[in-house]
Amino acid sequence: MASCLGVYVESNIIKYAKASKEHEKMKVESFGVKFYDNLEKAIDQIVEETYSYKTPISINLSEEIYNYFNMFAMLNNKDLSKAIKTEFEMYCNDQGYNPNVFETRYVVSKNPEDKDKLKVIHIAANKIELTNKMQILQKYKLADIVPISMAITNLIETKPKENCLIVNIEDHTTVTTILDENVYDIQVFEEGSQEFLRKINIKENSLAKAYEICKNTTIYTLEGKDLQETEIGYLEDIMPTLYTIVGNVRKIINESEERISKVYLTGTASLINNLDLYFQEYLSEVECEILKPYFINPTTDISMQDYVEVNSAISLALSGVGQGIQGINFKKQSLKEKIPDWLKIEINHDKEKKGKLATSGWFTNDLGERLDKTEINLLRIAVGLILLFIIYSCFVILLQNQMKEKEAQVKESINHTSTQIQLAESDKTKIDSRTNDYTEMIQNLQDLNDRLIEATKTRNAIPNLLNRIMFIIPDNVQVISIKNTTETHVAIEAQSNKYEQLGMFKAKLDTEMYLTNVISTSGQQENNVIKVTIEGDLP
């Protein structure tokens with residue numbers, strides 16, 4: 001029979017309940033509420049009162065952070081986990097948080113708004129806060145640290161296609177939305193019982209008395225009787241908080257894509273009489289009722305309200321015996337906790353019972369005869385070897401799984417790198433092609449520019465040559481024509497009645513570098529006039 005002590009801790013109040021489960025039958029063995037100044041001492045008292053020294057303890061998570069991510073439904077578990085981790089790291093980056101300081105868990109549900117996607121409820125808790133909780137309970141068998149928003153669903157039996165809200169009004173208020181048997185949304189509001197308990201405590205100077213006043217307070221509906229002055233005084237402290245909470249719940253119902261049919265009320269505020277009727281007045285379109293654990297039948301000795309008072313603790317105890325949503329336990333199991341129970345030898349201090357281990361350290365065989373030291377040592381060695389083999393096997397399996405995971409990551413990295421290389425080569429080919437095109441275009445532009453320069457140079461060559469020739473031409477020499485025959489080649493026709501004058505003209509053109517490669521015809525004489533053609537290249 002599995003059992004667990006559920007401990008719900010809030011500011012100065014602890015609610016506890018010890019529950020057990022045998023097959024599918026569950027029961028609450030003991031429960032209560034305790035006010036404390038020293039948390040560690042209060043837990044020691046609870047463990048002693050419930051005789052839970054070796055009983056697993058389940059405690060609530062605190063100050064957790066909720067995020068919601070939409071993921072593709074076709075992702076496998078490994079890729080889904082990576083995608084969720086990436087989303088949370090992006091969230092931390094936006095908020096300026098260090099993701100390494102958080103321990104995280106998540107729950108996946110169907111998204112009624114988009115069938116191709118999954119809705120992920122991501123929960124993050126500060127590792128320092130978790131360590132503090134574990135240190136407080138280090139003397140005991142802490143087994144579970146779970147968010148109360150998830151654990152509280154253990155107390156109801158949902159039906160297919162049924163949509164409901166669980167409004168848990170403790171120090172703060174958590175509203176858990178359940179759609180078609182799946183937790184779909186969780187919202188946490190600062191308003192809760194802490195507000196009105198603090199106000200009443202200021203008046204009464206006693207938290208315990210303020211708590212009892214809430215239990216004995218009645219909310220009167222619109223058709224109720226006139227209130228006494230003392231009742232009005234306490235309601236003035238309580239009603240503003242409840243009004244804010246019911247407004248938040250109504251907003252959730254109105255914004256829900258699916259129709260909400262029922263609202264369950266639980267927590268410290270649920271002890272206030274007629275709380276369900278008060279909510280019903282404001283939420284007339286849904287059924288409102290106080291949350292009662294579905295497996296409990298009230299007795300003449302214990303009323304249902306007594307159980308309702310510790311609903312949060314009962315839900316945590318049920319999580320500890322394996323009920324409800326799995327995978328949300330923030331307490332990591334040690335290697336010792338993972339060893340199967342059949343390997344653990346329990347010492348029996350009763351020497352008279354045969355076949356069991358006595359305090360003297362001696363064993364007896366099936367005939368009731370004591371084993372000698374050699375046999376006992378062999379038995380111990382055998383048990384040690386079995387434990388060593390199991391631990392070794394666990395490490396081998398763990399290493400193999402890690403190696404497979406690393407191999408998969410390496411293959412994925414190689415495939416990604418190969419893809420990137422192919423893309424880079426494709427880009428390089430395109431760049432080379434564009435480079436050749438640009439080189440050809442640049443060369444064409446350069447050729448065109450050279451031709452333009454040459455054309456400009458040639459166009460101005462003859463006028464410039466004429467301007468320069470006029471200063472060196474002899475008096476008896478006449479220039480008949482100047483022709484630019486090809487590119488920079490020039491032909492000059494000149495005449496004179498004296499050979500030496502034409503020779504001087506040719507020599508000046510050559511020696512003063514007006515032309516290069518200067519040549520001249522022998523000349524033709526007609527009517528005492530000698531004509532020659534002088535050719536050369538423009539420098």
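Only this structure's heavy atoms are used, side chains among them; waters, hydrogens and symmetry mates stay out. Just so we're clear, the structure is a prediction, and the values are computed from it rather than from any experiment.
For the pair Lys119 and Tyr68, the cation-pi criterion (under 6.0 Å, within 45° of the ring axis) is fulfilled.
Of all the heavy atoms in Ser315 and Ile152, the pair that sits closest is CB-CA, 3.7 Å. Considering all non-hydrogen atoms of both residues, Cys288 and Gln280 come closest at N-OE1, 2.9 Å. Across every non-hydrogen atom of Leu142 and Ile57, the tightest pair is CD1-O, 3.5 Å. Residues Pro99 and Tyr97 share a closest heavy-atom pair of CD-O, 3.5 Å. For the pair Cys214 and Ile238, the tightest heavy-atom approach, listed with the atom from each and the gap, is SG-CD1, 4.4 Å.
With contacts defined as side-chain heavy-atom distances shorter than 4.5 Å, the pair Tyr8/Ile14 does not qualify.
Partners of Glu22 according to the salt bridge (charged side-chain N to carboxylate O under 4.0 Å, His left out) rule, which considers only residues two or more places apart in sequence or in another chain, do not exist here. Residues forming a salt bridge (charged side-chain N to carboxylate O under 4.0 Å, His left out) with Lys18 (at least two apart in sequence, or on another chain): none. Remark: Asn67 engages no residue in a side-chain hydrogen bond (donor to acceptor under 3.5 Å, both in side chains) (not counting sequence neighbours). Among residues two or more places apart in sequence or in another chain, the salt bridge (charged side-chain N to carboxylate O under 4.0 Å, His left out) test is passed with Lys209 by Glu204.
Remark: Ile178 CD1 to Tyr264 OH distance equals 8.0 Å, nearest 0.5 Å. Here Thr176 contributes atom OG1 and Ile186 contributes atom CD1; the two are 5.0 Å apart, rounded to the nearest 0.5 Å. Atom CD1 of Ile148 is separated from atom CD of Glu170 by 7.0 Å, given to the nearest 0.5 angstrom. Within the model, atoms CG of Leu242 and CD1 of Ile219 stand 5.0 Å from one another, a figure rounded to the nearest 0.5 Å. Between the CD1 atom of Ile302 and the CG atom of Asn297 there is a distance of 12.0 Å, given to the nearest 0.5 Å. Atom OH in Tyr294 sits 10.5 Å away from atom CD1 in Ile156 (nearest 0.5 Å).
Residue pairs meeting the side-chain hydrogen bond (donor to acceptor under 3.5 Å, both in side chains) criterion with at least one member in residues 34-46, sequence neighbours excluded, are Lys34-Glu49, Asp44-Lys139, Asp44-Tyr140. The side-chain hydrogen bond (donor to acceptor under 3.5 Å, both in side chains) contacts involving residues 244-263 comprise nothing, where partners must be two or more places apart or lie in separate chains.
Taking the six-membered ring where the residue is Trp, Tyr243 and Tyr282 present perpendicular rings, their angle passing 60° and hence far from 30°. Classified by interplanar angle (parallel below 30°, tilted 30° to 60°, perpendicular above 60°), the ring pair Phe35/Tyr211 is perpendicular.
For Ile128, the CD1 atom counts as loosely surrounded, since its 6.0 Å shell holds 12 or fewer non-hydrogen atoms of other residues, nucleotides or ligands.
Of the N and O atoms on the side chains of Asn76 and Asp79, at least one donor lies less than 3.5 Å from an acceptor on the other residue. Side-chain contact of Ser418 with Asn415: a donor-acceptor pair under 3.5 Å is absent, judged by distance alone.
A salt bridge links Glu412 and Lys82; the closest N-O separation between the charged side-chain nitrogens and carboxylate oxygens is under 4.0 Å. Ionic pairing of Lys199 and Glu236 is not present here: no N-O contact between side-chain nitrogen and carboxylate oxygen is shorter than 4.0 angstrom. At a threshold of 4.0 Å, the pair Lys215-Glu309 counts as salt-bridged, since one of the basic side-chain nitrogens sits closer than that to a carboxylate oxygen.
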Handout entry: Worked verdict on Leu197 versus Ile13 for side-chain contact (heavy atoms from CB on, under 4.5 Å)
Key = CA-CA 11 Å; Leu197 286 176; Ile13 300 176; 4.0 Å; yes
Handout entry: Chi angles and distances behind the side-chain contact (heavy atoms from CB on, under 4.5 Å) call for Thr104, Phe102
Key = CA-CA 6 Å; Thr104 61; Phe102 294 102; 4.3 Å; yes
Problem - From CA spacing to verdict: side-chain contact (heavy atoms from CB on, under 4.5 Å), Met150, Ile325 - result: CA-CA 7 Å; Met150 294 286 186; Ile325 302 169; 3.6 Å; yes
Problem - Trace of the salt bridge (Lys or Arg N to Asp or Glu O under 4.0 Å) decision for Asp237 with Arg198 - result: CA-CA 9 Å; Asp237 298 322; Arg198 178 179 54 81; over 6 Å; no
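Of the residues Asp144, Asn154, Asn329, the one that meets the side chain to side chain donor-acceptor pair (under 3.5 Å) test with Ser319 is Asn154.
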